[in-house]
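Following: one structure in structure tokens, then a few remarks.
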Amino acid sequence: MKFHFWYIVLSLFFGALVVSGYYWLTALDLFYFDVPFLDMIIVALAAMRLVRLFTYDVITKFIRDWFVGADPESFRGTLGALIGCPWCSGLWFAAFILFFYYLQPFGGYVILILAIASIVSMLQLLANFIGWSAEVKKQE
């Protein structure tokens with residue numbers, strides 16, 4: 001198995017951010033484990049939208065373009081791989097969104113915007129699927 005220095009560094013950095021965020025929220029008495037189910041759904045939708053935004057959407061293509069052609073074993077190449085991977089970036093964005101969830105009210109406002117955008121995206125995909133299905137049935 002090949003050792004990849006920047007994967008290890010970013011993994012340790014992620015762990016340090018998560019632990020630091022936990023201790024900071026605990027020190028401010030903002031952290032609690034009893035998250036309502038609806039809030040968890042909203043947080044998940046917000047993280048999903050943020051992942052989609054950075055990994056696939058046109059508006060952030062200029063960010064992804066910064067990493068095109070970088071050596072995969074360089075820091076820039078590793079960040080490009082992180083942004084290009086929805087599973088990888090999902091972990092980072094989930095921690096980011098959850099941290100801001102606990103920093104209400106501002107965090108809640110941004111999270112709600114992202115969650116609504118996620119629902120709108122899913123509704124658009126559903127409408128597209130219904131339209132495509134109708135077209136296929138017309139041609140049959």
Side-chain angles (χ1 to χ4, degrees):
M1 179 154 124
K2 186 174 180 182
F3 176 76
H4 196 298
F5 176 75
W6 289 113
Y7 286 169
I8 301 297
V9 169
L10 285 176
S11 296
L12 292 173
F13 181 65
F14 175 78
L17 282 178
V18 169
V19 169
S20 299
Y22 170 77
Y23 282 118
W24 188 25
L25 291 170
T26 304
L28 295 174
D29 201 29
L30 295 174
F31 187 81
Y32 51 91
F33 282 104
D34 190 22
V35 177
F37 183 72
L38 182 59
D39 284 2
M40 190 64 82
I41 297 296
I42 290 170
V43 165
L45 287 169
M48 182 179 104
R49 186 64 193 109
L50 206 53
V51 167
R52 172 76 190 186
L53 180 69
F54 277 90
T55 306
Y56 299 110
D57 286 352
V58 172
I59 197 167
T60 55
K61 186 177 182 321
F62 75 97
I63 295 172
R64 292 188 305 276
D65 286 346
W66 292 341
F67 306 104
V68 172
D71 176 15
E73 293 190 21
S74 69
F75 180 68
R76 201 173 110 212
T78 303
L79 286 180
L82 178 68
I83 289 174
C85 171
W87 307 110
C88 306
S89 60
L91 190 61
W92 284 78
F93 287 134
F96 179 77
I97 291 290
L98 190 60
F99 178 77
F100 281 99
Y101 167 78
Y102 284 112
L103 291 179
Q104 300 280 353
F106 176 74
Y109 179 71
V110 173
I111 289 169
L112 193 56
I113 289 171
L114 289 168
I116 291 169
S118 186
I119 292 169
V120 169
S121 296
M122 286 189 274
L123 290 174
Q124 182 61 47
L125 289 172
L126 178 63
N128 288 346
F129 176 74
I130 292 170
W132 293 330
S133 296
E135 288 298 317
V136 168
K137 287 181 183 180
K138 279 186 204 177
Q139 292 180 7
E140 288 178 354

The criterion is side-chain contact (heavy atoms from CB on, under 4.5 Å); which residues satisfy it with P86, sequence neighbours excluded? V51, T55, Y56
Can you name the nearest heavy-atom pair linking A94 to A47, along with the distance? CA-CB, 4.1 Å
OG/S89 to CD1/I83 distance, rounded to the nearest 0.5 angstrom? 8.0 Å
Does one hydrophobic cluster hold both I41 and Y109, with members joined at side-chain heavy-atom distances below 4.5 Å? no
State which residues pass side-chain hydrogen bond (donor to acceptor under 3.5 Å, both in side chains) with K138; sequence neighbours excluded, sorted by chain then number. E135
Q104: partners by side-chain hydrogen bond (donor to acceptor under 3.5 Å, both in side chains), with sequence neighbours left out: none
With L38, which residues qualify under side-chain contact (heavy atoms from CB on, under 4.5 Å), at least two apart? I42
Please tell me whether V19 and L30 are part of a single hydrophobic cluster in this structure, the criterion being side-chain heavy atoms less than 4.5 Å apart. yes
Kindly indicate whether the side chain of F100, heavy atoms from C-beta on, has any atom under 4.5 Å from the side chain of V110. no
To the nearest 0.5 angstrom, please state how far the CD1 atom of I63 sits from the CH2 atom of W66. 5.5 Å
Once rounded to the nearest 0.5 Å, what's the spacing between atom CG of L17 and atom CZ of F96? 11.0 Å
Spell out, yes or no, whether F5 and F13 are grouped together once hydrophobic residues are joined by side-chain heavy atoms under 4.5 Å, including indirect joins. yes
CG (L126) and CD1 (I119) are apart, to the nearest 0.5 Å, by 13.0 Å
Over 60° means perpendicular and under 30° means parallel, so classify the ring planes of Y102 and Y32, tilted if in between. perpendicular
Testing the basics here: between A95 and F14, what is the closest heavy-atom pair and its distance to 0.1 Å? CB-CE1, 3.8 Å
If you round to the nearest 0.5 Å, how far is CZ of F67 from CG of L79? 5.0 Å
When rounded to the nearest 0.5 angstrom, what distance separates OG in S133 from CG in N128? 10.5 Å
Closest heavy-atom pair, G77 versus S74, reported as atoms and distance to 0.1 Å, is N-OG, 3.0 Å
For T78, enumerate each residue passing the side-chain hydrogen bond (donor to acceptor under 3.5 Å, both in side chains) test, keeping only those at least two apart in sequence or located in another chain. none
Give the minimum heavy-atom separation between I111 and V43, together with the two atoms involved. CG2-CA, 4.3 Å
Do V136 and W132 have side chains that get closer than 4.5 Å, going by heavy atoms? no
Under 4.5 Å between side-chain heavy atoms, hopping through other hydrophobics if needed: is there a path connecting L12 to Y23? yes
Could you list the residues that satisfy side-chain contact (heavy atoms from CB on, under 4.5 Å) with L53, not counting sequence neighbours? R49, L50, D57, I59, T60
Note, W6 side chain near V9 side chain (heavy atom, < 4.5 Å): yes
Using a 4.5 Å cut-off on heavy atoms from C-beta on, say whether the side chain of F75 contacts that of L10. yes
Test of understanding: clusters of I, L, V, M, F, W, Y form through side-chain heavy atoms closer than 4.5 Å, transitively. Do L125 and F129 belong to the same one? no
Hey, what's the ring geometry for H4 with Y7, parallel, tilted or perpendicular (30° and 60° as the breaks)? parallel
Are the side chain of R64 and the backbone N or O of F54 linked by a donor-acceptor pair below 3.5 Å? yes
For M40, look at atom CE and say whether over 12 heavy atoms of other residues, nucleotides or ligands are found less than 6.0 Å away. no
